[in-house]
> 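Supplied in structure tokens, the structure appears directly below.
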Number of protein chains: 2
Amino acid sequence: MNIRTICLAILAHGEASGYDLKKHWEEGPFHHLGGASFGSIYPALARMEKDGLIRSREEVQPGKPARRVYSLTETGYQAFIDEMSALPEPDDFRSHFGVITLCARHLTRDTLARALDERVRQQKAEISKLTPIAEIEKDRPVGWLIEWGLAIMATEVAFIEKNRARLEAFAGTAGPGDELSICCLPDMPAVKQQSTAAE
Amino acid sequence: MNIRTICLAILAHGEASGYDLKKHWEEGPFHHLGGASFGSIYPALARMEKDGLIRSREEVQPGKPARRVYSLTETGYQAFIDEMSALPEPDDFRSHFGVITLCARHLTRDTLARALDERVRQQKAEISKLTPIAEIEKDRPVGWLIEWGLAIMATEVAFIEKNRARLEAFAGTAGPGDELSICCLPDMPAVKQQSTAAE
DNA sequence: TTTCGCCTATATCGGTTCGATATATACCGG
DNA sequence: CCGGTATATATCGAACCGATATAGGCGAAA
């Protein structure tokens, strides 16, 4: 799922300028579903207009810079429906926290504890921010999605608080020279061989 | 968190070729923490070697192409420790499924139901695949991380199965012309104004 | 037996995206 | 009057993705 798809999805809910789209991403429900920068948005809009998916008009406003406001064409709305009707692709997910936990053996207990504290703090802050919004939005799809996110974040916080001691016990059990295999999946002989056959 | 960081993390667990790194991503625990392609890995390795974070040696193998095997230098191990010791950044997350749910009003009930079915199917398949591995790996950090993921996926499946009717009820309540505001966050006046002040 | 597909392995190319920065105007507070 | 913030568009280099090229060895099917 690329920037173009999300632009279509936002524009399907109303016309918007490039600046509006960025605001949606930073402050609205799309924030948690993937970021976007001006460096992506403006070229994407230009491409989509060239492809006939959107049209634009200049809007002069008193006291503010002029806006270029985009809206979907019929072709664009159809493209939007097509992309939303396709079977959902697996999520793209990249987690610094996850990598830190995988490398627990190489960290000090304090460092690891600080990472876990920070993660719990982040998730709790997000839960506090979103809980009242879920209530306000409960009669719209966005409310459903926020509840989905809240359920997941609550599970994560509970999991960490219950199991953190088990992870912290790994801290400091590896150093620069050690070659520990990360895992031992049945389909990954290369990893095992490599860590046992080293030298 | 960029490709370089994950390469450092994998290499901290043992030397590897570019091909090995790709295998780790496709089949190992890093798979769920962010993908990488050859088009990223090889340039990243070249950059890291130039920066003195890794060193390499040619390994000739009978019956197979020669491998270029990379390992961390002391500088590289320190860079790895530094990046793992930093406070965890928020996850990068992009979800086609999430966007589909947000656009529920524009979809038919059947299309939406199919998306929900597919999501549940995907998550259940992943749970089935990972559950036995969690048992095998329970004495390593990767086991902890897999349990973390399993807890989250189980929550998601339960949430969807319990609440799907509420989302499906939104299906078909919007069409091409409608300008429905997506949400009504206190910090997002532009969205409300735009959808009510259209025309 | 030879041909086809698969595995190992590295490399590159075009296009997309990110993050930072540039530019310009307007408004408000100190 | 100056600096900070908000609105608004645009661009640049670096990073990254997905596909493709290349090439030898392997085993199985035709």
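Residue numbers start from 1 in every chain, and the chains themselves are labelled A, B, ... in the order their sequence lines are given, proteins ahead of strands.
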> Measure NZ/Lys50(A) against C1'/dG15(C) and give the value in whole Å, please.
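Distance, rounded to whole Å: 12 Å.
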> Over how many whole Å does the gap from Met48(A) atom CE to dT17(C) atom P extend?
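Distance, rounded to whole Å: 11 Å.
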> For Glu26(A) and dG19(C), give me the distance from atom CD to atom C1', rounded to whole Å.
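So the CD-C1' distance, Glu26(A) to dG19(C), works out to 12 Å.
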> Could I get a table of every N or O pair under 3.5 Å where one atom is in the protein and the other is in nucleotides 4-6 of chain D?
none

> Can you build the contact string for nucleotides 15-21 of chain D? Use B for base contact, S for sugar-phosphate-only contact, and - for no protein heavy atom under 4.0 Å.
SSBB---
> Could you tell me the separation between the CD1 atom of Ile41(B) and the C1' atom of dT12(C), rounded to a whole number of Å?
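Distance check: Ile41(B) CD1 to dT12(C) C1' gives 14 Å.
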> Taking atom types as modelled, is there a side-chain donor on Arg105(A) or Thr173(A) under 3.5 Å from an acceptor on the other?
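Yes.
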> Please report the closest heavy-atom contact between Lys22(A) and Ser37(A), naming both atoms and the distance.
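Scanning both residues, the minimum pair turns out to be CE-CA, 3.9 Å.
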> Are the side chain of Thr111(B) and the backbone N or O of Leu107(B) linked by a donor-acceptor pair below 3.5 Å?
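The answer is no, because no donor-acceptor pair under 3.5 Å joins these two groups.
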> Using modelled atom types and a 3.5 Å cut-off, is there a donor and acceptor pairing between side-chain atoms of Glu168(B) and backbone atoms of Leu112(B)?
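Absent.
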> Will you find, in the side chains of His32(A) and Glu126(A), an N or O donor that is under 3.5 Å from an N or O acceptor?
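Short answer, yes.
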> Quick check: does any side chain N or O of His31(B) sit under 3.5 Å from a backbone N or O of Trp25(B), one acting as donor and the other as acceptor?
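Between the backbone of Trp25(B) and the side chain of His31(B) there is a qualifying donor-acceptor contact (under 3.5 Å).
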> In this structure, how many angstroms lie between the C1' atom of dT17(C) and the CG atom of Leu33(A), rounded?
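Taking CG of Leu33(A) and C1' of dT17(C), I get 17 Å after rounding.
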> Assess the residue pair His96(B) and Leu87(A) against the criterion (side chain to side chain contact (heavy atoms under 4.5 Å, CB included)); give the C-alpha distance rounded to whole Å, side-chain angles, the decisive distance to 0.1 Å, and a yes or no.
CA-CA 9 Å; His96(B) 187 198; Leu87(A) 287 182; over 6 Å; no
> Is a side-chain donor or acceptor of Asn163(A) paired with a backbone partner of Arg166(A) at a separation under 3.5 angstrom?
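The answer is no, because no donor-acceptor pair under 3.5 Å joins these two groups.
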